[in-house]
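Only one structure is covered here, and it is reproduced in the block below.
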Amino acid sequence: MSKYDTLKKSAYDANLQLPKLGLVLFTFGNVSAVDRAEGVFAIKPSGVPYEELTPDKMVIVDFEAKVVEGTLRPSSDTKTHAVLYKHWHNIGGIVHTHSTYATAWAQSQRDIPIYGTTHADHLTVDVPCVPPMHDDMIKGDYEHETGFQIINYFKDKGLSQEEVEMALVGNHAPFTWGKTPAKAVYNSAVLEAIAQMAYMTENIKADAFRLKDSLIKKHYERKHGPDSYYGQ
Ligand SMILES: [Zn+2]
């Protein structure tokens, strides 16, 4: 028994969703779940296949990425998660995958243009692609810097992490987050769908039209506005 059992279970459940949703291959990808009161988060151990995961294998880590409880090594992306939790106080879960379509956009270093209402139901701007980091950052504490790379880019572009719960890291892959680990996983699946649709749209019509502002506003507000009524 551990006082972190509930947190570990919540991270475990969310991690198992990734292979079920077809978002990961082998051990790629990880989900973490935070406990703000305790100042820790639970994250997948490094290199453990999803079918061998159990709740008690989850590693408890603080916001400095120091292991608080657990015998296995935490995911190699732990420092990125720690930085995001430390600086973005209102997020409850983080997901990192190398899902195919979202990663293809990241590798192309392109934002995903807002082409349709599926996209607009979730965010009103292009999915941001954070440019690859400078060499001195890569040589330094790489995973730690990845967190700052995302945070600084959002700051520079005036993006809110509450409005935009996803980002592509250039030449790498996506990170998503949300108020809960389950919402972060949902966002990861939504991002993959949006990425696939946008890819196909450009294949059918290279100069496809972006969604009109009036439609962006309409779709976003019916889901998030004061009079929201969306639910399929
Ligand atoms: Zn990665």
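Remember, it's 1-based here, ligands and their atoms both numbered in the order they're listed. Quick caveat: nothing in here was measured; it's all calculated off a predicted structure.
- S32 is not listed as a side-chain neighbour of P181, based on a closest heavy-atom distance of 4.5 Å or more.
- Seen from the ring of F63, K66 does not count as a face-on cation partner, given the 6.0 Å and 45° thresholds.
- Contacts of D5 classified as salt bridge (charged side-chain N to carboxylate O under 4.0 Å, His left out), with partners at least two apart in sequence or in another chain: none.
- Electrostatic pairing of E38 and K3 counts as a salt bridge here, judged by a charged N lying under 4.0 Å from a carboxylate O.
- Ion pairing of E69 with K8 is present here, as a side-chain N (NZ or NE/NH1/NH2) and a carboxylate O approach within less than 4.0 Å.
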Audit row: H219, H122, side chain to side chain donor-acceptor pair (under 3.5 Å) steps and yes/no: CA-CA 9 Å; H219 273 264; H122 299 91; over 6 Å; no

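- Protein atoms of type N, O or S found under 2.8 Å from the Zn ion (ligand 1) total 3.
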